[in-house]
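Accompanying notes for the structure given below.
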Amino acid sequence: SQTAVAKTTTGALTIPSTLGGYPVTGIGDYAFRYCEDLTSVQIPSSVTSIGVLSFGDCSGLTSVTIPSRVTRIGSGAFSRCSKLTTVTIPSSVTSIGNSAFSGCSKLTSVTIPKGVTSINDSAFKNCSGLTSVTIPEGVTSIGEWAFNNCSGLTSVTIPEGVTSIGECAFYDCSKLTAVAIPSSVTSIGKDAFYMCTMAMSITVADGNTSFCSTDGVLYNKSMSTLIQCPGGKSGSVTIPEGVTNIGDKAFYDCSKLTAVTIPSSVTSIGGAAFSGC
């Protein structure tokens with residue numbers, strides 16, 4: 001059974017390991033949501049799961065200890081905890097839900113455990129204080145909007161083994177300086193690197209069968225479509241002969257470019273392709 005929590009709960013809270021003689025093994029869905037005056041939470045080692053929106057909108061929460069037996073962090077579990085500065089995700093965690101840390105704008109660093117196989121949709125969306133993220137080996141997919149508007153993010157390591165990067169995954173990561181795509185990636189969603197205005201190059205590992213890069217610009221493998229010119233690229237770009245399509249928003253907000261040479265082979269220029277140049 002679940003125990004109700006008063007929304008007037010304030011200050012530092014230590015959750016007991018037993019209640020009524022029974023072990024506390026989970027934090028229920030919505031359990032502490034909107035406890036805006038809660039400043040810190042100590043979760044007992046008996047807990048193995050943290051529920052949906054369990055600490056959502058706890059806007060005064062500055063620290064939380066997640067014990068080493070937790071395997072699942074539910075969707076939105078810490079969403080919009082706007083004062084949360086640090087969180088340690090234990091190695092036992094294998095699942096981080098959609099929007100789990102979305103809106104944690106003061107979170108400066110995060111270590112994702114090796115057991116996690118998917119960075120789910122919007123997991124770290126609007127975490128504008130994050131400066132770097134290392135995605136562990138074993139992750140195979142990066143969800144839609146996963147790191148959207150992580151405007152402080154300067155570097156990210158995408159490991160070999162990732163096969164898909166979702167739509168808008170790194171949208172508006174405006175301080176990201178470079179992107180390296182491993183050979184395992186077969187799918188990159190629309191606007192995945194849109195508005196990365198400081199990125200000077202997008203590189204693709206040798207052996208990738210779906211994508212390639214030339215002069216730091218991202219193309220499909222056959223080089224028939226120019227997918228994305230990084231927003232921080234400066235000077236001039238010469239698009240190779242044989243390219244037939246310039247994709248939607250391909251050069252969007254490339255404000256440092258001075259010239260683009262388009263070959264006679266191009267037959268299609270996508271929407272907003274040169275907007276903001």
Side-chain angles (χ1 to χ4, degrees), residues 1-127 129-130 133-136 138-139 141 143 145-147:
S1 64
Q2 295 189 11
T3 299
V5 177
K7 300 310 174 189
T8 54
T9 301
T10 63
L13 176 68
T14 298
I15 300 172
S17 58
T18 60
L19 282 173
Y22 294 96
V24 174
T25 58
I27 309 297
D29 295 348
Y30 312 102
F32 293 91
R33 193 179 188 193
Y34 297 123
C35 288
E36 297 176 353
D37 295 321
L38 196 62
T39 57
S40 66
V41 176
Q42 182 82 27
I43 300 173
S45 60
S46 54
V47 167
T48 59
S49 68
I50 297 174
V52 173
L53 285 165
S54 50
F55 294 94
D57 297 283
C58 289
S59 56
L61 191 63
T62 59
S63 65
V64 62
T65 302
I66 300 175
S68 60
R69 292 181 62 192
V70 169
T71 59
R72 181 182 71 90
I73 298 174
S75 297
F78 297 96
S79 61
R80 295 178 296 279
C81 289
S82 55
K83 290 185 180 178
L84 190 64
T85 56
T86 58
V87 63
T88 300
I89 304 173
S91 59
S92 55
V93 169
T94 58
S95 175
I96 298 174
N98 295 352
S99 303
F101 294 95
S102 175
C104 292
S105 56
K106 290 192 176 176
L107 198 61
T108 56
S109 65
V110 65
T111 299
I112 300 169
K114 290 184 178 180
V116 172
T117 59
S118 176
I119 310 297
N120 283 348
D121 294 353
S122 302
F124 297 96
K125 180 179 181 180
N126 295 329
C127 289
L130 276 182
V133 170
T134 299
I135 299 170
V139 169
S141 65
W145 306 89
F147 295 97

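Predicted model only: the values in this text are computed from it and were never measured.
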Which atoms form the tightest heavy-atom contact between S54 and G28, and what is the distance?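 The answer is CB-O, 3.5 Å.
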Looking only at heavy atoms, what is the nearest atom pair of S141 and V139, with distance?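 Between these two residues, the closest heavy atoms are O-CG1, 3.5 Å.
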Could you list the donor-acceptor pairs under 3.5 angstrom formed between side-chain atoms of residues 45-53 and any protein atom two or more places apart in sequence or on another chain?
| unit_1 | atom_1 | unit_2 | atom_2 | d |
| --- | --- | --- | --- | --- |
| S46 | OG | V24 | O | 2.5 |
| T48 | OG1 | T25 | O | 3.3 |

Just distance, no hydrogens or angles: give the donor-acceptor pairs under 3.5 Å from side chains in residues 76-90, sequence neighbours left out.
| unit_1 | atom_1 | unit_2 | atom_2 | d |
| --- | --- | --- | --- | --- |
| S79 | OG | G76 | O | 3.0 |
| R80 | NE | D57 | OD1 | 2.7 |
| R80 | NH2 | D57 | OD2 | 3.0 |

Roughly how far apart are [X] [atom1] and [Y] [atom2], rounded to 0.5 Å?
X: L61; Y: L13; atom1: CG; atom2: CG; answer: 10.0 Å
X: F147; Y: I135; atom1: CZ; atom2: CD1; answer: 4.5 Å
X: D37; Y: S59; atom1: CG; atom2: OG; answer: 7.5 Å

Quick one, V41 and T65 - any side-chain contact, counting heavy atoms below 4.5 Å?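 No. Closest side-chain heavy atoms not under 4.5 Å.
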Name all pairs fulfilling the side-chain hydrogen bond (donor to acceptor under 3.5 Å, both in side chains) condition that reach into residues 67-77, sequence neighbours left out, sorted by first residue then second.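 Passing the test, one end in residues 67-77: no pairs.
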Please collect all ring pair (Phe, Tyr, Trp, His ring centres under 6.0 Å) contacts where either partner lies in residues 18-47, sequence neighbours excluded, each pair once.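 Every pair satisfying ring pair (Phe, Tyr, Trp, His ring centres under 6.0 Å) with a residue in residues 18-47: F32-F55.
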If you look only at distance, which donor and acceptor atoms sit under 3.5 Å apart when one is on a side chain in residues 96-116 and the other is two or more places apart or in another chain?
| unit_1 | atom_1 | unit_2 | atom_2 | d |
| --- | --- | --- | --- | --- |
| N98 | OD1 | D121 | N | 3.4 |
| S102 | OG | K125 | O | 3.4 |

Given side chain to side chain contact (heavy atoms under 4.5 Å, CB included), test I43 with T14 step by step and report yes or no. CA-CA 7 Å; I43 300 173; T14 298; over 6 Å; no
What salt bridge (charged side-chain N to carboxylate O under 4.0 Å, His left out) pairs are there with at least one residue in residues 16-26, not counting sequence neighbours?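 Found none.
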N/O donor-acceptor pair under 3.5 Å between T10 side chain and L38 backbone: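 Absent.
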